[in-house]
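What follows is a set of notes on a single structure, which appears directly below.
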There are 2 protein chains.
Amino acid sequence: MRESAQAGRDAEAVSKFVESFAAQLVEAGMQRMAARVFAALLSSDKGVLTSAELSEQLQISPAAVSGAVRYLAQTHMVSREREPGSRRERYRVHGDQWYEALTNREAVIKRWEGALREGVNSLGPDTPAGRRMAETLAFFEFIEGEIAAMMERWRAHRERTFGQG
Amino acid sequence: MRESAQAGRDAEAVSKFVESFAAQLVEAGMQRMAARVFAALLSSDKGVLTSAELSEQLQISPAAVSGAVRYLAQTHMVSREREPGSRRERYRVHGDQWYEALTNREAVIKRWEGALREGVNSLGPDTPAGRRMAETLAFFEFIEGEIAAMMERWRAHRERTFGQG
DNA sequence: CGCTTCTTTCAGAAATTTGTGAAGTTAAGG
DNA sequence: CCTTAACTTCACAAATTTCTGAAAGAAGCG
């Protein structure tokens, strides 16, 4: 018994959480494998797992892990690290930072703004549709600044509540 | 010439905007047809189009319009209305309200919170993973309140900038 | 009430996406 | 350098999703 690296933890409870949280992420638009890998990391003891551990725990191929991790790293939800002097890679969820990545939709917002700006120009700023788009554009520009301020307040709030843990 | 309901507007410019904005929405996770229908409404003169108009402008079947509109109505991005005394339905984008729907991820956030709460309980609030999830949970709870306040500020800002439009 | 017009539902064809095995690539360690 | 352990890429099979035509379902109007 208890021969796994996760000795002492209820494997079934972990798996249940992983699958249910992953399902929510999928529903919100995340790729399935990425969601499962991420949930597994989030519920792991140290917040770090190797490719092999993920592959075994989730019953997926190394190729699937590779694809999922690439996505998660690109979106800054996990970071990859090498154990020094080893070919083994480890993937880490940054605890207090991953959810900041969630709100960092800056790139997405920028592209929306771009498309809207083009729309305003090509339809004309004085047309009803142009005005509608201009207002939407203003909304996104407003939001962009607000989010930064909001995250600043969160960090302060977090400090108070959890310490610098 | 100019026999369409959109007389006086550059159909090609409209189409170009529709497709490029829709592409951004798709990339952010929206269904393709829903994205196209929504973009068409956003760039329409009055912010209102009938099912037939959408079907023709986007070159899609009535069935596709039906599916797209159902999704958009569910997510409060458009509303449906009946022309009084007609079987014809009209779909409207609410100008200043659709993007509020975008930020109204309340249902999504609630479900995430539910999954996280369960995770904290089943893994134990005193385990490292439990603490990590509790912090994430606190983040979402914080965000929920902040977003409401942010939208309040936006409405004030909008009033100043655009009048009550 | 029945006719007509518009919308929705449904089954299926087509296209897309997903995850795998296998080959390819990189780098540690003898 | 050569071997070996790991990760990545690629082509393909399977599963899923998407969109359509056709038929069924509402609702106005005579």
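Side chains are part of it too, since the values below use all heavy atoms of this structure and drop only hydrogens, waters and symmetry mates. In what follows, chains carry the letters A, B, and so on, assigned in the order in which the sequence lines appear, proteins first and then strands, with residues in each chain numbered from 1. Everything quoted here is computed from the prediction, not taken from an experiment.
B:Leu58 places its CG atom 10 Å from the P atom of D:dT20, with the value rounded to the nearest Å. A:Glu89 places its CD atom 11 Å from the P atom of C:dA27, with the value rounded to the nearest Å. Rounded to a whole Å, the CD atom of A:Glu27 is 16 Å from the C1' atom of D:dT16. Protein atom CD of A:Glu83 is 13 Å distant from nucleotide atom C1' of D:dA5, rounded to whole Å.
Using a 4.5 Å cut-off on side-chain heavy atoms (C-beta onward), A:Met33 and A:Arg36 make contact. Two residues are said to be in side-chain contact when any heavy atoms from C-beta on lie closer than 4.5 Å; A:Met133 and B:Ser43 meet this criterion.
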Side-chain donor-acceptor pairs of residues 66-75 of chain A under 3.5 Å, sequence neighbours excluded:
unit_1: A:Thr75; atom_1: OG1; unit_2: A:Tyr71; atom_2: O; d: 3.1
unit_1: A:Thr75; atom_1: OG1; unit_2: A:Leu72; atom_2: O; d: 3.2

Distance-only check: which donor-acceptor pairs under 3.5 Å involve side-chain atoms of residues 83-92 of chain A, not counting sequence neighbours?
unit_1: A:Ser86; atom_1: OG; unit_2: A:Arg88; atom_2: N; d: 2.8
unit_1: A:Glu89; atom_1: OE1; unit_2: A:Tyr91; atom_2: OH; d: 3.2
unit_1: A:Arg90; atom_1: NH2; unit_2: A:Glu81; atom_2: OE1; d: 3.1
unit_1: A:Arg92; atom_1: NH1; unit_2: A:Glu81; atom_2: OE1; d: 3.0
unit_1: A:Arg92; atom_1: NH1; unit_2: A:Glu81; atom_2: OE2; d: 2.7

For every nucleotide of nucleotides 12-21 of chain C, 5' to 3': is a protein heavy atom under 4.0 Å from its base (B), only from its sugar-phosphate (S), or from neither (-)? -------SBB

Summarise how protein sits on nucleotides 24-30 of chain D as a single string, 5' to 3': B when a protein heavy atom is under 4.0 Å from the base, S for sugar-phosphate-only contact, - for no contact. ---BBS-

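Sorted by first then second residue, the salt bridge (Lys or Arg N to Asp or Glu O under 4.0 Å) pairs that include residues 24-35 of chain B, not counting sequence neighbours, are A:Arg111-B:Glu27. Residues in residues 105-146 of chain A take part in these ring-ring contact (aromatic ring centres under 6.0 Å, His included) pairs, two or more places apart or across chains: A:Trp112-A:Phe140, A:Phe139-B:Tyr99, A:Phe139-B:Trp154, A:Phe142-B:Trp154, A:Phe142-B:His157. Applying the ring-ring contact (aromatic ring centres under 6.0 Å, His included) test to residues at least two apart or on different chains, the pairs with a partner in residues 25-66 of chain A are A:Phe38-A:Trp98.
Proximity of A:Arg88 to the phosphate of C:dT26: no side-chain N or O atom is located under 4.0 Å from OP1 or OP2. At the phosphate of C:dC6, neither OP1 nor OP2 sits under 4.0 Å from any side-chain N or O atom of B:Ser51.
Counting any heavy atom pair closer than 4.0 Å across all strands shown, A:Arg36 reaches no nucleic acid atom. The residue B:Arg90 sits apart from the nucleic acid: no heavy atom pair falls under 4.0 Å.
When all heavy atoms are compared, the tightest approach of B:Leu49 to B:Ala40 is CD1-O, 3.9 Å.
Take A:Glu12 and apply the salt bridge (Lys or Arg N to Asp or Glu O under 4.0 Å) test, not counting sequence neighbours, and it matches no residue. In this view, B:Lys16 and A:Glu118 satisfy the salt bridge (Lys or Arg N to Asp or Glu O under 4.0 Å) rule, not counting sequence neighbours. Listed by chain and residue number, nothing satisfies the salt bridge (Lys or Arg N to Asp or Glu O under 4.0 Å) test with B:Arg132 (two or more places apart in sequence, or in another chain).
In the hydrophobic clustering of this structure, A:Val26 does not group with A:Val93; members are Ile, Leu, Val, Met, Phe, Trp, Tyr whose side-chain heavy atoms approach within less than 4.5 Å, directly or through other members.
With the 3.5 Å cutoff on both pairing distances, Watson-Crick and G-U pairs in DNA chain C assemble into runs of at least 3 at C:1-30 with D:1-30.
The stretch residues 66-73 of chain B touches DNA chain C through B:Ser66, B:Arg70, each having a heavy atom within less than 4.0 Å of the strand.
A salt bridge links B:Glu113 with B:Arg117: the closest approach of a Lys/Arg side-chain nitrogen to an acidic carboxylate oxygen falls below 4.0 angstrom.
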